[in-house]
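As structure tokens, the structure follows; a few thoughts come after it.
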Amino acid sequence: QVRLEESGGGSVQAGGSLTLSCAMSGFTYRPYCMAWFRQSPGKAHEGVAALFTPDGSALYGDSVKGRFTISRDEAKNILYLQMNSLKPEDTAIYYCATTPFLGAPMRLSPARYNDWGQGTRVTVSS
């Protein structure tokens, strides 16, 4: 059974940084696509960043480009999201998710992901 467990959320002032982690285990498939999504109150899930593990390519949502970086430690099976220059509008619950394979146009689409963690809350104050 796939298990994804996020950590690292918290409260930070605008302009600050946080690093989220997602510990992954129990895969019954090769998770070629790993991603971070977020959800703010009253809004749908938003694709933040996605990593395609066969070639290490990454995609980012327009609102986080240049500020967030997705990476992973393959040996430890941990996915990371480094978040810099945080803004109040980054406030949300952040989720990691995995799925076997997706073409590039689909990698930031939450409906395409099979497995999800429980989320970690990030609050950015102005």
Side-chain angles (χ1 to χ4, degrees):
Q1 171 176 341
V2 177
R3 181 175 179 181
L4 306 177
E5 187 170 357
E6 303 93 340
S7 61
S11 297
V12 64
Q13 289 193 323
S17 298
L18 279 175
T19 299
L20 306 183
S21 300
C22 175
M24 306 178 289
S25 63
F27 286 111
T28 56
Y29 58 87
R30 287 188 179 271
Y32 287 142
C33 293
M34 302 176 176
W36 288 95
F37 296 90
R38 67 186 182 186
Q39 187 174 30
S40 304
K43 295 186 178 181
H45 281 91
E46 175 189 2
V48 175
L51 182 68
F52 185 59
T53 59
D55 63 10
S57 59
L59 292 173
Y60 295 93
D62 288 342
S63 61
V64 306
K65 282 180 182 176
R67 300 188 297 123
F68 290 11
T69 303
I70 188 172
S71 63
R72 71 163 179 155
D73 184 325
E74 186 174 359
K76 295 181 179 179
N77 235 3
I78 298 176
L79 184 70
Y80 298 101
L81 184 68
Q82 174 68 43
M83 305 186 295
N84 298 326
S85 302
L86 282 161
K87 304 175 181 180
E89 50 264 42
D90 294 320
T91 295
I93 298 175
Y94 284 72
Y95 302 87
C96 62
T98 61
T99 202
F101 178 85
L102 288 171
M106 296 291 106
R107 290 175 194 159
L108 289 176
S109 298
R112 301 288 183 168
Y113 281 76
N114 290 356
D115 295 289
W116 292 75
Q118 293 301 306
T120 185
R121 184 178 299 274
V122 172
T123 302
V124 184
S125 58
S126 57

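These numbers were taken from a predicted model, which means no experiment stands behind them.
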Q) Does CZ in Arg112 sit with more than 12 non-hydrogen atoms of other residues, nucleotides or ligands closer than 6.0 Å? A)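 No, not enclosed.
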
So, the side chain of [X] versus the backbone of [Y]: is there a donor-acceptor pair under 3.5 Å, distance only?
{"X": "Thr53", "Y": "Tyr32", "value": "yes"}
{"X": "Ser40", "Y": "Thr91", "value": "yes"}
{"X": "Glu6", "Y": "Gln118", "value": "yes"}

Atom [atom1] of [X] and atom [atom2] of [Y]: how far apart are they, to the nearest 0.5 Å?
{"X": "Ser109", "Y": "His45", "atom1": "OG", "atom2": "NE2", "value": "13.0 Å"}
{"X": "Gln1", "Y": "Thr28", "atom1": "CD", "atom2": "OG1", "value": "9.5 Å"}
{"X": "Leu81", "Y": "Ser71", "atom1": "CG", "atom2": "OG", "value": "8.5 Å"}
{"X": "Tyr29", "Y": "Thr98", "atom1": "OH", "atom2": "OG1", "value": "3.0 Å"}
{"X": "Leu51", "Y": "Cys96", "atom1": "CG", "atom2": "SG", "value": "12.5 Å"}
{"X": "Asn114", "Y": "Cys33", "atom1": "CG", "atom2": "SG", "value": "10.0 Å"}

Q. Can you list every salt bridge (Lys or Arg N to Asp or Glu O under 4.0 Å) pair that touches residues 22-36, not counting sequence neighbours?
A. none

Q. Which pairs with one or both residues in residues 34-54 pass salt bridge (Lys or Arg N to Asp or Glu O under 4.0 Å), sequence neighbours excluded?
A. Arg38-Glu46, Arg38-Asp90

(Q) Which Ile, Leu, Val, Met, Phe, Trp or Tyr residues join Leu108 in one cluster when any pair of side-chain heavy atoms under 4.5 Å counts as a link? (A)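 Via sub-4.5 Å side-chain contacts, Leu108 links to Leu59.
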
Q.
Suppose clustering is done on Ile, Leu, Val, Met, Phe, Trp and Tyr with side-chain heavy atoms closer than 4.5 Å. Which residues sit in the same group as Met106?
A. Phe37, Ile93, Tyr95, Leu102, Tyr113, Trp116

Q: Output every pair passing ring-ring contact (aromatic ring centres under 6.0 Å, His included) with a member in residues 50-82, not counting sequence neighbours, ordered by first then second residue.
A: Phe52-Phe101

Q: Determine the minimum heavy-atom distance between Ala50 and Arg107, stating which atoms define it.
A: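 Where Ala50 meets Arg107 most closely, the heavy atoms are CB-O, 3.3 Å.
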
Q: Considering non-hydrogen atoms only, spot the tightest contact between Arg67 and Leu86 and give its length.
A: NH1-CA, 3.9 Å

Can I get a per-line list of side-chain donor-acceptor pairs under 3.5 Å for residues 16-26, giving both atom names and the distance, sequence neighbours left out?
| unit_1 | atom_1 | unit_2 | atom_2 | d |
| --- | --- | --- | --- | --- |
| Ser17 | OG | Asn84 | OD1 | 3.0 |
| Thr19 | OG1 | Gln82 | OE1 | 2.4 |

Q | Stepwise side-chain contact (heavy atoms from CB on, under 4.5 Å) test for Phe27 and Asp115 | A | CA-CA 10 Å; Phe27 286 111; Asp115 295 289; 5.6 Å; no

